[in-house]
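Data block below; observations after.
A, B, ... follow the sequence lines: proteins, then strands. Residue 1 opens every chain. Remember, it's a predicted structure, so these values are computed and weren't measured experimentally.
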There are 2 protein chains.
Amino acid sequence: MHQPESDRTIDRSSAMAGTRSHCDACVVRNRSICSALEPGARHLLGREGRIQTVKRGQTLVWEGEDALLVANVIEGVLKLSTSTSDGREQIVGVVYPSDFIGRPFGERSHHSVTALVDSRVCLFPRAAFDRFAHDHPELEHQLLNKALDELDRARRWMLLLGRKSASEKVASFLLEMSVRLAEVGCEENGPLDEFELPLDRQQIADVLGLTIETVSRQLSSLRASGVVDLPGRRALHILDRNRLMALAGD
Amino acid sequence: MHQPESDRTIDRSSAMAGTRSHCDACVVRNRSICSALEPGARHLLGREGRIQTVKRGQTLVWEGEDALLVANVIEGVLKLSTSTSDGREQIVGVVYPSDFIGRPFGERSHHSVTALVDSRVCLFPRAAFDRFAHDHPELEHQLLNKALDELDRARRWMLLLGRKSASEKVASFLLEMSVRLAEVGCEENGPLDEFELPLDRQQIADVLGLTIETVSRQLSSLRASGVVDLPGRRALHILDRNRLMALAGD
DNA sequence: CGACTAATTGAGTCGCTTCAATAAGCGTGG
DNA sequence: CCACGCTTATTGAAGCGACTCAATTAGTCG
């Protein structure tokens with residue numbers, strides 16, 4: 001498959017002839033951490049990474065194992081999750097295209113990473129990535145910003161987990177979904193009112209710290225009151241966003 | 001914008017008498033983010049900061065206000081907290097000496113910062129700190145590591161909030177406290193078995209997503225079963241750490 | 001020592017979970 | 001294309017853990 005010549009940026013870096021990398025056409029090159037890199041440096045990092053597809057349900061990293069990999073999400077949605085020894089699970093993060101996965105400069109992975117829908121990631125061996133990051137402060141800066149954003153998001157979620165009722169949790173979740181899917185879904189400028197949930201009911205329950213039955217009941221109640229419609233198992237239609245926001249309660 | 005000299009030349013200038021900064025004797029200089037800096041650069045950063053005492057209960061930063069400050073904790077313990085509009089509070093973080101406070105490169109503060117006990121912090125205007133960090137990759141690297149550690153900690157706490165029972169929550173909390181206080185309390189090499197809780201019962205409840213009564217009942221039950229002793233209002237004595245760890249359930 | 005605040009304890013209620021049964025999607029093969 | 005079977009979701013009924021409200025006790029500080 002031959003991509004036609006494009007980006008002006010190629011001319012100089014191709015002082016080394018034939019060195020165009022997949023990065024030049026990467027759909028997340030302007031939003032992932034790579035966006036901080038000059039084309040030359042980006043190319044260099046690109047040589048360390050490889051594209052990998054991850055099918056729905058497939059686990060990329062297991063909780064507790066050595067953290068040998070980091071990655072950029074190119075396409076899809078993945079969950080980060082941890083469990084108690086007796087099997088209770090909590091989803092501690094959901095990542096979308098342009099998000100970063102993994103723990104650079106760290107020994108162990110503290111959570112599993114599993115695809116919620118068929119996904120594609122750009123995978124790096126952690127050691128090589130660490131080395132590269134160490135030599136490229138602009139990359140570390142971007143990494144820092146992403147980490148700080150994730151930290152804020154995690155802390156807002158702690159308020160939800162610790163202090164919100166089941167109905168507030170479900171309302172908050174639907175709103176967050178609609179916002180984040182819109183951010184990813186390109187040219188749209190507002191949150192989406194109609195979308196496919198990348199999570200099934202059990203996974204929603206695992207995000208919210210509830211049971212599957214409670215999630216189902218809350219969704220049914222939202223439908224009954226005309227706030228949302230549920231045209232299919234994973235389909236969601238927000239009919240009254242204002243009411244949904246009022247129900248989210250923060 | 002004219003910067004006086006580059007870092008290397010500062011080494012020399014600090015050899016000049018009278019340029020010693022408070023940083024040279026700072027008790028957290030080897031563990032805070034400053035530990036990444038050469039003495040010269042550290043001195044330069046030190047000039048931007050000032051030591052501030054924060055009394056128990058005093059709030060350094062308010063949720064939602066402009067993020068004008070960042071800081072290193074020198075002494076004491078502080079909480080990070082958020083609230084719902086109707087006043088339910090969740091503590092989303094507890095910071096100790098050598099921890100970093102604030103959101104560099106960010107506009108708004110997403111949580112309040114309040115001293116749990118009389119504390120001292122090294123305060124920087126965010127704008128000046130951002131500028132300095134931008135010019136000192138080794139500082140950003142350290143910042144990144146701290147942020148990633150905090151992120152892991154926050155995510156482990158999400159498992160607790162979403163999936164653990166009241167008794168597991170309290171047991172986990174006591175263990176975490178004993179570990180973190182020991183890390184701070186210098187030469188000790190293991191977790192502390194006897195310490196003062198920097199939080200009152202309401203604040204423990206706000207960390208765990210429980211009510212004050214439930215926390216009290218769980219503590220009483222732990223005392224009744226001989227796992228801990230409660231010699232005073234804020235005093236805690238761990239009598240059977242193994243049993244406590246079993247009760248923490250992860 | 002006495003007054004005030006913080007913590008404990010008790011009784012009753014409520015919200016979420018648990019267990020169980022039914023219904024709806026959805027992919028497959030006839 | 002529809003019927004079938006499997007998976008996933010919904011709904012119901014009962015139980016229980018944590019919350020609420022209220023009263024009592026214990027620390028702590030002047």
Side-chain angles (χ1 to χ4, degrees), chain A residues 55-57 84 86-90 116-118 160-174 196-225 227-237 247 249, chain B residues 55-57 84 86-90 116-118 160-174 196-225 227-237 247 249:
Chain A
K55 292 231 179 65
R56 168 183 289 190
T84 57
D86 63 348
R88 287 167 286 175
E89 177 167 330
Q90 176 69 41
L116 294 170
V117 301
D118 293 349
L160 175 144
L161 289 171
R163 292 304 189 195
K164 286 191 182 178
S165 68
S167 57
E168 291 172 321
K169 285 180 175 181
V170 171
S172 303
F173 168 78
L174 296 179
E196 292 273 305
L197 291 164
L199 299 81
D200 63 27
R201 297 292 187 268
Q202 181 59 61
Q203 290 163 340
I204 296 174
D206 289 342
V207 170
L208 299 176
L210 296 172
T211 58
I212 188 173
E213 295 94 334
T214 300
V215 170
S216 183
R217 273 185 254 271
Q218 295 301 331
L219 285 171
S220 298
S221 146
L222 284 175
R223 184 182 45 186
S225 58
V227 178
V228 305
D229 191 19
L230 305 164
R233 200 187 286 228
R234 280 168 176 261
L236 187 88
H237 192 174
L247 289 170
Chain B
K55 291 231 180 65
R56 168 183 290 191
T84 58
D86 63 348
R88 287 168 285 173
E89 178 168 329
Q90 176 69 42
L116 293 170
V117 302
D118 293 349
L160 176 145
L161 289 171
R163 292 304 188 195
K164 286 192 182 177
S165 68
S167 58
E168 291 173 322
K169 284 180 175 181
V170 170
S172 302
F173 169 79
L174 296 178
E196 291 274 303
L197 291 164
L199 298 82
D200 63 27
R201 296 292 187 267
Q202 180 59 61
Q203 290 162 338
I204 296 173
D206 290 341
V207 171
L208 299 177
L210 296 172
T211 58
I212 188 173
E213 294 95 333
T214 300
V215 171
S216 184
R217 272 184 254 272
Q218 295 301 331
L219 284 171
S220 297
S221 146
L222 284 175
R223 183 181 48 187
S225 57
V227 178
V228 305
D229 192 19
L230 304 164
R233 197 185 287 225
R234 280 168 175 262
L236 186 90
H237 192 173
L247 289 169

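Protein atom CZ of Arg234(A) is 10 Å distant from nucleotide atom C1' of dT8(D), rounded to whole Å. Following rounding to the nearest Å, Leu222(B) (CG) and dT9(C) (P) show an atom-to-atom distance of 12 Å. In this structure, CD of Gln218(B) is placed 7 Å from P of dA18(D), rounded to the nearest angstrom. Atom pair Gln202(B):CD and dA7(C):P shows a separation of 9 Å (rounding to whole Å applied). For Asp200(A) and dA9(D), the CG to C1' distance is 10 Å, given to the nearest whole Å. Residue Asp206(A) contributes atom CG, which lies 14 Å from atom P of dT8(D) at whole-angstrom precision. If you measure from atom CZ of Arg223(B) to atom P of dT25(D), you get 15 Å, rounded to the nearest angstrom. The nearest whole Å value for the distance from the CZ atom in Arg201(B) to the P atom in dT28(D) is 11 Å.
With hydrogens and angles ignored, a donor-acceptor pair closer than 3.5 Å exists between the side chain of Glu213(B) and the base of dC21(D). Between the side chain of Arg217(A) and the base of dG15(C) there is no donor-acceptor pair of N/O atoms closer than 3.5 Å.
Annotation: of the two residues near DNA chain C, Ser167(A) and Gly232(A), the 5′-most nearest-nucleotide partner is Ser167(A).
Arg233(B) comes within 4.0 angstrom of a nucleotide base, judged by non-hydrogen atoms across all strands. As judged by a 4.0 angstrom heavy-atom cut-off over every strand, Leu219(A) is placed among residues making no nucleic acid contact.
Annotation for Leu160(B) and Lys169(B): closest pair O-CE, 3.3 Å, computed over non-hydrogen atoms.
Electrostatic pairing of Asp206(A) and Arg163(B) counts as a salt bridge here, judged by a charged N lying under 4.0 Å from a carboxylate O. A salt bridge is absent between Glu196(A) and Arg233(A); no separation between the charged side-chain nitrogens and carboxylate oxygens falls under 4.0 Å.
Under 4.0 angstrom from either OP1 or OP2 of dA7(C) there lies no side-chain N or O belonging to Ser216(B). When the side-chain nitrogen and oxygen atoms of Thr211(B) are compared with OP1 and OP2 of dA18(D), none of them lie within a distance under 4.0 Å. One finds a side-chain N or O of Ser220(B) lying less than 4.0 angstrom from the OP1 or OP2 phosphate oxygen of dT9(C).
A side-chain donor-acceptor contact under 3.5 Å links Lys164(B) and Ser172(B).
Using a distance-only test at 3.5 Å, with no hydrogens or angles considered, no donor-acceptor pair links the side chain of Gln218(B) to the main chain of Val215(B).
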